[in-house]
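Beneath this line is the structure, given in structure tokens, with notes to follow.
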Amino acid sequence: MAPSASGPSNTKTAHAFNKLLKSASTSTISRAASRLTRDVEENVKKLASLILIDGIPFEVDSTLRPRIWKILLQVNDVNTESYLHWVSRGPCEVRDKIRNDTFRTLATDLAFKSRVREDMLVRLLDAFVWRHSSSPHSPSSPLSPFPRSPPNSPRRSPFNMSPRSPDSSASSSSLPFTYVQGMNVLAAPFLYIMPTELEAFFAFCKFIEVECPLYVQPTLEGVHRGLKLLDRSLKLLDPELFAHLRSKNLSAEIYAFPSVLTLCACTPPLDQVLRLWDFLLAFGVHLNILCVIAQLLLIRDEIMASSSPMKILRTFPPLDAQPIIAIAVTLVRDLPPDLYKELVKHPRIR
């Protein structure tokens, strides 16, 4: 993936993205329902391909990333009345827990702090909890959560592998939600890039409820499954590195928990987190596990030479999205199909 910077090539890329976004908008308005799904899927595939090859030239057009994220997440409707309803209910039952986390969200990132106030983050998370603690509503109610994607629905993938396991019988469609550790960090990018708090809220809800619902269950079920898959994947992809870490009693649960919990949003700088999330939203958050392994491989020599590798892994090096994504894409091809299917399922399907 080419780095995004101002210049003629990135202006051309921005034009290509805008053309696709305009096409997506026109399709939504003018196409019959029978054609709409196919049109949307085709546009998403093209957007994902552009993201992988060129990256989003955010410096050329600052409106691109929020528009693209909303299409990738299929955020087609934002209901002001619903959001104001939840906000009007005031502090939720876990407000103290939320406030205990929000003040330290991306605390060292000055750009984030200048754009996203703590009260915005608290309000969004309060509203999310109220959204799921309200009495059930009918599917047609504007206060209803998003409908979940079917567990066997196709997933955009550049790897010519079927990411959905056809025999999956249990999905996360009926899971309960509240505030759990790490959700403050997962909400931060949405508040940072979206033009309004309203759009950030609905994009965040769609992301949590559809893309990684098992990551935010009270037991952090999806996170722990991801960490186990990280160990299994690393053992296959780099047995020597895996053995070295295990010889020091280091498993992914010890050194990779924050990176898996927050989809690498805990590692600065934020602009690189956003580039990494462009990729994850385009191809699936399950690939974050391979992005964490890619970060290990980038400092492999240093880890292997260290008698105390946890000193290195306690704080991961600053993110550099381009090589991380390039390595992750390569790693997919080296995973056995069955393991890759487990990887795809782990954030959202039991």
Side-chain angles (χ1 to χ4, degrees), residues 1-28 39-75 109-112 114-115 155-161 188-190 192-195 199-200 203 207 263-265 267-285 287-288 290-295 297-299 316-333:
M1 187 177 84
S4 182
S6 297
S9 63
N10 287 285
T11 300
K12 185 177 180 181
T13 301
H15 176 74
F17 272 114
N18 274 305
K19 186 176 179 181
L20 275 174
L21 291 169
K22 183 178 180 180
S23 173
S25 177
T26 303
S27 295
T28 302
D39 289 343
V40 170
E41 288 178 356
E42 187 61 30
N43 281 324
V44 165
K45 287 178 182 178
K46 291 176 181 177
L47 284 172
S49 179
L50 269 178
I51 288 170
L52 185 63
I53 296 168
D54 296 312
I56 298 175
F58 186 76
E59 298 86 347
V60 176
D61 184 346
S62 62
T63 72
L64 282 175
R65 178 170 283 131
R67 291 156 64 202
I68 290 168
W69 281 24
K70 285 167 68 177
I71 286 180
L72 293 175
L73 290 168
Q74 298 181 40
V75 179
D109 192 290
L110 297 180
F112 176 79
S114 68
R115 187 178 302 180
R155 187 80 174 146
R156 45 201 179 271
S157 174
F159 312 119
N160 296 320
M161 298 179 67
F190 294 100
Y192 184 75
I193 74 153
M194 290 294 167
E199 290 168 280
F207 174 71
L263 303 175
C264 291
T267 305
L270 182 55
D271 69 307
Q272 295 300 306
V273 171
L274 298 177
R275 294 191 189 285
L276 189 65
W277 276 36
D278 294 340
F279 170 70
L280 296 179
L281 292 180
F283 296 105
V285 299
L287 291 171
N288 182 60
L290 299 184
C291 290
V292 177
I293 292 177
Q295 290 174 78
L297 296 180
L298 287 169
I299 53 172
F316 275 37
L319 276 183
D320 187 354
Q322 183 183 351
I324 290 170
I325 292 169
I327 293 170
V329 170
T330 301
L331 294 178
V332 170
R333 300 166 186 153

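Just so it is clear, the model here is predicted, and its values are computed rather than measured.
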Taking the side chain as everything from C-beta on, heavy atoms only, tell me whether [X] gets closer than 4.5 Å to [Y].
| X | Y | answer |
| --- | --- | --- |
| D271 | L274 | no |
| D278 | R65 | yes |
| I325 | L52 | yes |
| P317 | L298 | no |
| M194 | V75 | no |
| L64 | P57 | yes |
| Q272 | T267 | no |

Practice task
Let me see the working for L21 and T63 under side chain to side chain contact (heavy atoms under 4.5 Å, CB included), right down to the final yes or no.
Solution key: CA-CA 11 Å; L21 291 169; T63 72; over 6 Å; no
Practice task
Check for a donor-acceptor pair, side chain of S49 on one end and backbone N or O of K45 on the other, with a separation under 3.5 Å.
Solution key: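 Side chain of S49 to backbone of K45: no pair is present.
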Just verifying a value: how many Å separate [X] [atom1] and [Y] [atom2], rounded to the nearest 0.5 Å?
| X | Y | atom1 | atom2 | answer |
| --- | --- | --- | --- | --- |
| D320 | L276 | CG | CG | 10.5 Å |
| I324 | L287 | CD1 | CG | 13.0 Å |
| L73 | F190 | CG | CZ | 5.5 Å |
| D61 | T11 | CG | OG1 | 10.0 Å |
| D109 | L270 | CG | CG | 5.0 Å |

If you look at every heavy atom in [X] and [Y], which pair is closest and at what distance?
| X | Y | result |
| --- | --- | --- |
| G55 | T13 | O-CG2, 3.9 Å |
| A265 | W277 | CB-CZ2, 4.0 Å |
| A294 | A328 | CB-N, 4.3 Å |

Problem - Test applied, side-chain contact (heavy atoms from CB on, under 4.5 Å); reference residue, V44; option that passes from L72, I68, L20 - result: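 Passing option: L72.
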Practice task
Using side-chain contact (heavy atoms from CB on, under 4.5 Å) as the criterion, point out the one residue from V273, N288, L281, V292 that pairs with L263.
Solution key: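 The side-chain contact (heavy atoms from CB on, under 4.5 Å) with L263 is passed solely by N288 among V273, N288, L281, V292.
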Practice task
Check the pair R275, L319 against side chain to side chain contact (heavy atoms under 4.5 Å, CB included), reporting the backbone distance first and the verdict last.
Solution key: CA-CA 10 Å; R275 294 191 189 285; L319 276 183; over 6 Å; no
Exercise for the section: Using the test ring pair (Phe, Tyr, Trp, His ring centres under 6.0 Å), find all partners of F17 that sit at least two apart in sequence or belong to another chain. Expected result: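 In terms of ring pair (Phe, Tyr, Trp, His ring centres under 6.0 Å), with neighbours along the sequence ignored, F17 is linked to no residue.
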Problem - Aromatic ring proximity, centroids under 6.0 angstrom, F207 and W69 - result: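 Ring centroids of W69 and F207 are no less than 6.0 Å from each other.
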Problem - Check against side chain to side chain contact (heavy atoms under 4.5 Å, CB included), L47 and I71 - result: CA-CA 9 Å; L47 284 172; I71 286 180; 3.7 Å; yes
